[in-house]
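First comes the structure, then the notes that go with it.
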Amino acid sequence: MADTLTSFANTQLADIKARHRHRMAQPTMRQAEHHLTRNNKELISFSCNDYLGLTHHPDVKGAAEDAIRQYGTGAGASRLVTGNHPLYEKVEHQLANLKGTEAACIFGSGYLTNSSVIPALMDKQDLILADKYSHACLVDGAQLSGARMIRFPHNNMDACKRLLEKHRAQYRHCLLITEGVFSMDGDIAPLDELSELAHEYDCWLMVDDAHGVGVLGDGAGTHAMFSPYPQIDIHTGTFSKAIGSYGGYVCGSTPVIDYIRNTARSLIYSTALPPSVLASASKALDIIQHDKDYVAKPLAHARYFTNLLGLPDAESAIVPLIMGEEEQALEASRILYDAGFLVSAIRPPTIPPGTARLRFTFSATHRREDITRLANIIIEHGWHV
Ligand SMILES: *Cc1c(COP(=O)(O)O)cnc(C)c1O
């Protein structure tokens, strides 16, 4: 007889499976940029977030190899003990430079950044207003902080303003949270209007630009699409997407970053990144700073795709095709797989029920003929209308 824990897990799993929400991590090998192998089948991926193909760039790989040879494979301890390799200072300087802030601080991942930075700044006397589509790690951070959190309808500035009007005065500090590029929808936040609201209601504005950096605004990110640049108090992001390795970061003023460095729990109580990861991030940031033509490619490819399908111009390197129910998205993904494309079906709870979708991501390294072939299959099945 199964113990109660095992039978609990079995009951829960049966429910997840009945709703077509069961997920399995499939062994996948990414040999080169957007080429991968799964079940012995070679596929062209439109599901990686490696927007610039930097995970396989010879200079980026070479930087990691050199660092492993010189410094070994691991950091040995947390940053506040012995893990603070000099490369941290170099890369934090590069990040602050890219974002136009005084300072930056690197964390173990984007998830660890957001889930630690918010509780470092906010507590139960405070209010957090977060876009409804904010990433899970922003929501987790807000909940961990103990602050009152209210989520406003996606990109709806009128609703956000009404909430501020109603609640702002009862709290000490207020943090507005949004993403630069929304990870499942590919649209961008009205950062200009949000920064005006933040100013008007005495709030701090935090923008997670995981999918904007290296892709939009000449690589600097979503804020650089606006003129003048909106006032953003806290920028966060990840090395795991366009930057092509692993890690996360926050950028802001020197005192804010120093305070975060002293209070963010995942920085204090978790081991520092391996030096090789910092070395490759540094090289990747160099490429992003200096090769603007290359950085423009993912968006150009996404727009080539939306044009072929007669959809509104892509706003980022992410294009969703909303299918509706889980099974429809899974079936479409299966058809594309048979044709040699990896396009993941995104299902609830990652996105709202009834909006299961195919999510396409575009890389600088994709070839136009492959994008055309992909679009033709979609047109054939009428998934875009
Ligand atoms: C991917 C992602 C993260 C998490 O970053 P990791 O470095 O992968 O942990 C955080 N926020 C957003 C919006 C993301 O898309």
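First listed ligand is number 1; within each ligand, the first listed atom is number 1.
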Applying salt bridge (charged side-chain N to carboxylate O under 4.0 Å, His left out) to R334 and E331, what does each step give before you reach the verdict?
CA-CA 5 Å; R334 217 170 292 128; E331 176 62 12; 2.7 Å; yes
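Each of the atoms 15 (O) of ligand 1 lies under 4.0 Å from some heavy atom of S183. Ligand-side atoms of ligand 1 in range of Y111: 4 (C), 5 (O), 6 (P), 9 (O), range being under 4.0 angstrom from any heavy atom. Taking every heavy atom of H211 and a limit of under 4.0 angstrom, the matching atoms of ligand 1 come to 14 (C), 15 (O). Against a heavy-atom cut-off of under 4.0 Å, T238 is close to the following atoms of ligand 1: 5 (O), 6 (P), 7 (O). Interface atoms of ligand 1 facing E179, defined by a heavy-atom separation under 4.0 Å, are 13 (C).
In this structure, C137 counts as a contact residue of ligand 1, since one of its heavy atoms falls inside 4.0 Å of the ligand.
Looking only at atom types and distance, the side chain of T372 has a donor-acceptor partner in the side chain of Y304 under 3.5 Å away. Looking only at atom types and distance, the side chain of T236 has a donor-acceptor partner in the side chain of N114 under 3.5 Å away.
When ring centroids are compared, F305 and F360 come within the 6.0 Å threshold. Taking the six-membered ring for Trp, F182 and H211 have ring centres at least 6.0 Å apart.
Screening K124, R148, M122 for a side-chain contact (heavy atoms from CB on, under 4.5 Å) with Y171, the sole residue that qualifies is R148.
Checking only distances, S240 does come within under 3.5 Å of ligand 1, N or O to N or O.
With respect to atom 6 (P) of ligand 1, the closest heavy atom belonging to the protein is G110 N, 3.4 Å. For atom 3 (C) of ligand 1, the nearest non-hydrogen atom of the protein is K241 NZ, 3.5 Å.
For R21 and D15, the salt-bridge test fails: no basic side-chain N is under 4.0 Å from an acidic carboxylate O.
Counting only non-hydrogen atoms, the option in D208, D209, T236, I243 that gets closest to atom 11 (N) of ligand 1 is D208.
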